[in-house]
4 protein chains.
Amino acid sequence: MPRTGREPMRRRALIGATIAAIHEAGSLDVTVSQIARRAGVSSALAHHYFGAKDDLLLAAMRHLLAEFGRDAAGRLRAAPTPRARLSAVIAASFGAAQFRPETVSAWLAFYVRAQSAAPARRLLRVYARRLHATLVHALRPLAGPRAPRIAEGVAAMIDGLYLRQALGEAPPDAAAAAALVEEYLDLHLAGARA
Amino acid sequence: MPRTGREPMRRRALIGATIAAIHEAGSLDVTVSQIARRAGVSSALAHHYFGAKDDLLLAAMRHLLAEFGRDAAGRLRAAPTPRARLSAVIAASFGAAQFRPETVSAWLAFYVRAQSAAPARRLLRVYARRLHATLVHALRPLAGPRAPRIAEGVAAMIDGLYLRQALGEAPPDAAAAAALVEEYLDLHLAGARA
Amino acid sequence: MPRTGREPMRRRALIGATIAAIHEAGSLDVTVSQIARRAGVSSALAHHYFGAKDDLLLAAMRHLLAEFGRDAAGRLRAAPTPRARLSAVIAASFGAAQFRPETVSAWLAFYVRAQSAAPARRLLRVYARRLHATLVHALRPLAGPRAPRIAEGVAAMIDGLYLRQALGEAPPDAAAAAALVEEYLDLHLAGARA
Amino acid sequence: MPRTGREPMRRRALIGATIAAIHEAGSLDVTVSQIARRAGVSSALAHHYFGAKDDLLLAAMRHLLAEFGRDAAGRLRAAPTPRARLSAVIAASFGAAQFRPETVSAWLAFYVRAQSAAPARRLLRVYARRLHATLVHALRPLAGPRAPRIAEGVAAMIDGLYLRQALGEAPPDAAAAAALVEEYLDLHLAGARA
DNA sequence: AATGAATGAGTTTTCATTCAT
DNA sequence: GATGAATGAAAACTCATTCAT
């Protein structure tokens with residue numbers, strides 16, 4: 001039986017609390033104390049584990065990215081065709097784990113942060129490039145030279161739907177969002193085949 | 001000759017400084033003093049004219065929205081057909097005034113703010129609904145019942161391209177962005193006609 | 001016909017506004033702008049006429065003191081006997097002009113101010129001494145060597161009734177207050193005669 | 001041995017510093033920084049323990065009130081007769097702890113504050129009512145229906161003596177002040193018996 | 001005479017961060 | 001490992017006061 005260890009437990013709790021707090025505040029203007037209280041520890045402990053506040057935020061961001069990455073990877077492994085791989089990416093983007101209001105808020109906040117904080121920017125770029133590469137790779141056999149272009153469109157649309165979701169008064173409709181992107185793809189690929 | 005009036009001058013200067021400062025900081029975490037200094041006045045004067053910081057931010061937001069509104073309205077007046085009206089909206093979105101890094105940064109920052117500040121949210125919603133109405137109205141004769149759906153896709157894509165532009169290492173390529181949206185429309189409308 | 005002159009008019013308006021504002025705020029924490037607005041002029045004009053804020057406050061204080069002085073002097077002139085003179089002072093203290101909530105608030109605020117501002121303290125002392133002298137003078141033929149002591153008691157009781165009035169939830173009852181002091185005097189003077 | 005506990009220590013120090021600072025300033029226009037410096041801590045700590053400045057002021061007020069309450073209660077317990085109880089209240093009012101210039105200044109400042117700040121007003125009213133009830137209760141067997149009236153006179157005189165003491169150039173003479181009130185009582189009660 | 005414009009000097013309050021225990 | 005205690009630094013906001021017009 002692996003002793004779970006207090007530290008990893010605390011770290012997880014703090015990261016979860018960070019995301020929840022960001023969602024509740026709707027921005028990164030969240031105090032370390034708020035986060036710590038939510039995680040049931042002292043703010044000093046948050047510093048002890050993560051160093052500066054920025055590091056905690058980065059860790060939360062990394063957590064979100066990794067979660068998405070795992071989710072997407074799983075779906076990609078199960079996808080037999082290029083077209084299915086594209087759907088896998090879309091499904092992961094609008095999957096239950098990603099499209100929760102909580103996650104979307106945090107996501108958007110991190111995007112803004114990336115404009116001013118270099119480490120956050122680096123993180124997002126790695127993710128963006130990986131996503132782009134995956135899309136292009138899957139699109140290549142279906143759309144040839146238009147692949148990068150379509151990938152760009154797909155990525156933009158996904159991001160745009162997140163943005164609107166973050167703001168939206170309407171309840172999140174992951175299915176409708178996914179369908180919109182799928183349709184975009186279908187139009188492009190049908191046109192290609194024609 | 002109308003006396004220029006100092007107040008409108010100062011207000012304009014402060015709003016301009018606000019947008020510039022937001023861009024430079026990459027977020028709304030800008031102090032009133034920074035903004036005031038940039039406008040060449042004291043922070044007290046900024047408070048004198050705008051009240052609280054939030055009011056200044058809102059005024060800047062309103063300014064951006066109004067600018068876009070005027071730009072779009074001008075282009076729409078010159079558009080003879082529904083399809084041209086759609087292009088007018090897209091052109092306004094990616095026009096020189098709107099797609100400057102400066103404006104895009106501020107835009108995104110305001111989106112985040114709208115998550116927590118009700119007045120900002122109201123402002124963005126008004127803009128979003130107006131845009132949506134314009135798009136649907138122009139799409140109706142071309143796409144019938146699919147109009148709302150396509151409008152949603154167009155709006156999402158535009159927002160997504162802004163988001164990516166805000167983050168992007170690449171220099172802004174308004175033409176490419178606009179082309180992507182135009183193409184999206186063409187695909188939908190071609191399919192419709194077919 | 002005496003041209004009233006703008007200046008005296010403005011000064012009066014400002015002093016009245018000062019007292020009203022102090023009453024409304026319940027303390028001297030009133031801004032010059034508030035006072036000026038209430039008087040219908042700019043704050044700059046208040047400074048123009050009175051110099052610093054302290055000077056305006058002092059002028060308002062002086063106004064209150066002078067008003068009380070005039071009121072008391074009038075009543076004293078009409079008082080035929082020492083006992084009547086004592087009643088005159090009491091009547092002036094609780095007269096309509098003095099015992100208004102407005103005046104009482106200001107009065108108390110000035111008492112506090114006198115603790116830290118020398119000019120205000122000097123002003124109040126002059127008034128206190130004059131009042132004391134008047135009381136002693138009237139008491140001497142009635143109470144002999146006990147005059148200063150009784151004067152002290154009367155003055156304290158008047159001040160105390162003001163204090164309680166300033167705080168009181170009950171509506172001001174000038175008659176009851178005056179009666180309490182009169183009774184105090186009667187007891188002393190009856191005892192003296194006995 | 002109970003660990004002294006830093007928090008209670010700091011709270012006490014801050015409250016003491018508040019009262020001292022109010023006395024020195026002669027009003028509540030005292031900055032949190034001044035108070036904190038006097039207590040030997042940072043202003044941030046004052047906020048940490050008391051929240052807003054108002055809360056610190058209220059705590060100081062409550063401290064004064066409680067101190068007086070304890071003092072009076074002790075003396076009342078030792079008073080065998082109604083008349084002795086009245087003297088106990090007077091003695092407590094002018095006792096060494098209460099009639100210090102420091103305390104009197106603060107007292108007066110709080111009275112003014114009560115005019116504009118509801119919580120302060122509530123606090124003072126509780127104290128005023130309790131005092132009134134005590135006086136009336138002790139006076140009832142001695143003065144019958146005149147008890148409330150005399151109680152009012154006693155309370156007013158005490159407050160008035162505080163007021164004059166706050167302003168006074170003369171050194172505080174607690175004995176003389178107390179004697180004045182005692183005499184007032186004696187006159188009333190002698191008259192009653194007669 | 002009168003004012004709008006403008007600001008410097010402060011004041012409260014918040015918060016990330018450190019440190020002794 | 002964990003925390004309460006403590007603070008320096010900063011930020012929003014206020015206000016008396018000055019000055020050009």
Side-chain angles (χ1 to χ4, degrees), chain A residues 5-7 9-10 29-37 39-57, chain B residues 3 5-11 14 29-37 39-57, chain C residues 5-7 9-11 29-37 39-57, chain D residues 3 5-11 29-37 39-57:
Chain A
R6 286 193 121 64
E7 171 156 353
M9 205 168 69
R10 301 295 205 194
D29 288 340
V30 175
T31 72
V32 174
S33 295
Q34 282 164 11
I35 294 173
R37 196 173 322 127
V41 300
S42 72
S43 68
L45 194 66
H47 282 286
H48 181 65
Y49 280 141
F50 288 94
K53 181 186 182 182
D54 279 8
D55 299 320
L56 175 53
L57 293 181
Chain B
R3 279 225 303 109
R6 290 184 108 71
E7 172 157 351
M9 204 169 72
R10 298 303 199 192
R11 292 187 95 101
L14 279 163
D29 289 341
V30 176
T31 74
V32 174
S33 294
Q34 283 163 11
I35 293 173
R37 196 174 319 127
V41 300
S42 72
S43 68
L45 194 66
H47 283 289
H48 180 65
Y49 281 133
F50 287 95
K53 182 187 181 180
D54 278 8
D55 299 319
L56 175 53
L57 294 181
Chain C
R6 286 193 120 62
E7 172 156 353
M9 205 170 68
R10 301 296 206 195
R11 294 185 92 101
D29 288 340
V30 175
T31 73
V32 173
S33 295
Q34 282 163 12
I35 294 173
R37 198 174 318 128
V41 300
S42 73
S43 68
L45 193 66
H47 281 286
H48 183 64
Y49 280 140
F50 289 93
K53 182 186 181 180
D54 278 9
D55 299 319
L56 174 53
L57 293 181
Chain D
R3 279 226 304 108
R6 290 183 109 72
E7 171 157 354
M9 203 170 72
R10 297 304 199 191
R11 293 188 94 102
D29 288 340
V30 177
T31 73
V32 174
S33 295
Q34 283 163 12
I35 294 173
R37 197 174 319 124
V41 301
S42 72
S43 68
L45 194 66
H47 284 286
H48 180 63
Y49 282 132
F50 287 94
K53 182 187 181 179
D54 278 9
D55 299 319
L56 176 52
L57 293 181

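Here is how names work: the chains are called A, B, and so on, in the same order as the sequence lines, proteins then strands, and each is numbered from 1.
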Using Watson-Crick or G-U wobble geometry with both distances under 3.5 Å, which nucleotide pairs with E/dT14?
F/dA9
Nearest heavy-atom pair of B/Val30 and B/Gln34: which atoms, and what distance?
CG1-OE1, 3.4 Å
Please report the distance, rounded to the nearest Å, between CZ in C/Arg37 and P in E/dA2.
19 Å
Mate of F/dA20 across any strand shown (Watson-Crick or G-U wobble, both atom pairs under 3.5 Å) is E/dT3
Nearest-Å distance, CZ (D/Arg10) to P (F/dT7)?
7 Å
5'-most contact on DNA chain F: B/Thr31 or D/Gly40, nearest heavy atom basis?
D/Gly40
Taken to the nearest whole Å, CG/B/Asp29 to P/F/dA10 is 15 Å
Expressed in angstrom and rounded to an integer, what is the separation of C/Asp54 atom CG from F/dC15 atom P?
16 Å
Under 4.0 Å, counting only non-hydrogen atoms across every strand here, what does C/Phe50 touch: a base, just sugar-phosphate, or nothing?
nothing
Using a cut-off of less than 4.0 Å, is there contact between a side-chain N or O of C/His48 and OP1 or OP2 of E/dA1?
yes
Toward the 5' end of DNA chain E, by each residue's nearest nucleotide, B/Ser43 or A/Gln34:
B/Ser43
d(CZ, D/Arg11; P, F/dA6) in whole Å:
12 Å
With rounding to the nearest 0.5 Å, note down the distance linking NZ in D/Lys53 to OG in D/Ser43.
11.5 Å
Please determine whether a side-chain nitrogen or oxygen atom of B/Tyr49 lies at a distance below 4.0 Å from atom OP1 or OP2 of E/dA6.
yes
Rounded distance in Å - CD (D/Glu7) to P (F/dA5):
5 Å
Which comes earlier along DNA chain E counting from the 5' end, the contact point of D/Val30 or that of B/Val41, where each point is its nearest nucleotide?
B/Val41
Consider the side chain of D/Arg6, meaning its heavy atoms from C-beta on, and name the nucleotide among E/dT17, F/dT14, F/dA5 that approaches it most closely.
F/dA5
Would you indicate which nucleotide in E/dT3, F/dG4, F/dA16 comes nearest to any side-chain atom of C/Ser42?
E/dT3
Show the nearest heavy-atom pair for residues C/Phe50 and C/Asp55, with the distance to one decimal.
O-CB, 2.9 Å
Can you figure out which of E/dT17, E/dT12, F/dA16 approaches the side chain of A/Lys53 most closely?
E/dT17
B/Ala44 has its side chain closest, among E/dT12, F/dC15, F/dT17, to F/dC15
A/His47 NE2 - F/dA6 P separation (whole Å):
18 Å
Could you check how far CG of B/Leu45 sits from P of F/dT18, rounded to whole Å?
18 Å
State, to 0.1 Å, how close B/Tyr49 and B/Leu14 come at their nearest heavy-atom pair, and which atoms those are.
CD1-CD1, 4.4 Å
